[in-house]
**Student:** 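The structure is given below, and queries will be raised subsequently.
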There are 2 protein chains.
Amino acid sequence: MKKDYSETEIKIKTAAKSLFLEKGYSATTTRDISKESEINLALLNYYFTSKKKLFEIIMLETFYDFISKMVEVYNDEKSSLEEKLELTSSKYIDMIIAEPHLPTFVVNELKNNPSSILKILKGQIMESKLVDQYNDGVKKGIYKKIDPIHFVTNILSLIVFPFISSPIIIKMKKFNKTEFNEMMKERKKLIPEWILKMIKK
Amino acid sequence: MKKDYSETEIKIKTAAKSLFLEKGYSATTTRDISKESEINLALLNYYFTSKKKLFEIIMLETFYDFISKMVEVYNDEKSSLEEKLELTSSKYIDMIIAEPHLPTFVVNELKNNPSSILKILKGQIMESKLVDQYNDGVKKGIYKKIDPIHFVTNILSLIVFPFISSPIIIKMKKFNKTEFNEMMKERKKLIPEWILKMIKK
DNA sequence: TTGAATTAAACAAATGTTTAATAAAAAATT
DNA sequence: AATTTTTTATTAAACATTTGTTTAATTCAA
């Protein structure tokens, strides 16, 4: 029962996503979207009823992508905890370099749209293979016994926050954007090492 | 040469700050501000010329507070690196618990207002006593040799990011706000320990 | 009495949405 | 195959609110 999207619908969604990501919901006007997507203003409401509805669709899809990419790795059956850390770090950093506005957007618009969109999360992370492997390590006495929420939070913090605060980092180090991205690529290797040090006894 | 603020001015600024922090610049209207501060709509322009000007004043002050609190500790002459980590962690977490919208606001509105506001940062962090102490440790061979920007970034990441992503954490752990704050208070102790483990050879 | 502070009302521009007319495409009929 | 009918897509214009700002009159304080 997959819906068939028309070319116009796709054009609208693409433009809208790009604008919402860059400027947020309130600062993006329907006329911005119509201009960017080169469609007539009325078609936005014709296809998506309202700006709000269009936003919710985009928000949902974007957040879903954002989370699935993580959950995929976290639930892989074959890889070790160390390998999962390396993969997550690497994949996520690449993903955000390609779409730098993503984290701020997700984080920002999340506090206004809480419950409905966050359903996607349900148990997918805290009951993942990665957390199991962490708990096993605790049981075996190789990892310190701390609530795994800290473990999960720290991974995300070290990966995502630097992007969110990139204007600050760029200013502090007199970086340009390329140099900043280089720094983030460096972190692909460093973050897994740091996380391991943090959890080990 | 300190300017003398009238009661009305203060009322406007207080209400505006609260609203800007909660909803951001675009989603806050001048009528919201006039209602919240219980002043006549025209007084906003009478005292602050425009919504934009008012915002810039508030943005500047807020960001300045946000940074000074950090710089203060980072440049303390007497304390050790370990003590600085503990103090930063503790003070910052308390600060954000008291004003939970602060980080999202700063981070969010920063990418639109780059250079002018970020001047505040100039060298204050990367040339701080804390970074000196870190570099000393590297020279002495007790810390790994990595660009100190990672060190500084990691501290801020582990402290601030959990607040920014609090809706996600709250959902994952089925927390309420109090439980989330408890988790953050736990981190006051944990973060300095983690950071030390990360930098040690 | 003079200047500052406050107010209600008005203004122009922007914004989300709808309408009514037209064009294009698809389906039905001859 | 050709023509008519019906449905869908697109358009320009209009509409009703909202929003930031200004004006001109009034109140208050020095």
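In what follows, every heavy atom counts, from backbone to side chain, and hydrogens, waters and symmetry copies are set aside.
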**Student:** Does a side-chain N or O of B/T8 approach OP1 or OP2 of C/dA5 to a distance below 4.0 Å, or not?
**Tutor:** no

**Student:** With a 4.0 Å cut-off on N to O distance, would you call A/E61 and A/K13 a salt bridge?
**Tutor:** yes

**Student:** Give me the ring orientation class for A/Y134 and A/F151: parallel if the planes are under 30° apart, tilted from 30 to 60°, perpendicular past 60°.
**Tutor:** parallel

**Student:** Tell me whether the OP1 or OP2 atom of C/dA5 has a side-chain N or O from B/S6 closer than 4.0 Å.
**Tutor:** no

**Student:** Salt-bridged, A/K185 to A/E182, with N to O below 4.0 Å?
**Tutor:** yes

**Student:** Take atom CG of A/D32 and atom C1' of C/dT17, then tell me their distance rounded to the nearest Å.
**Tutor:** 16 Å

**Student:** Between B/E72 and B/K91, is the closest basic N to carboxylate O distance under 4.0 Å?
**Tutor:** yes

**Student:** Base, backbone or nothing for each nucleotide of nucleotides 11-28 of chain D, written B, S, -, heavy atoms under 4.0 angstrom, 5' to 3'?
**Tutor:** BB------BBBBB-----

**Student:** Answer with yes or no after comparing the ring centroid distance for B/Y92 and B/F66 against a 6.0 Å cut-off, counting only values under it.
**Tutor:** yes

**Student:** Can you check the A/F48 CZ to C/dG16 P distance for me, whole Å?
**Tutor:** 16 Å

**Student:** For A/K129, I'd like to know if atom NZ has over 12 heavy atoms of other residues, nucleotides or ligands within 6.0 Å.
**Tutor:** yes

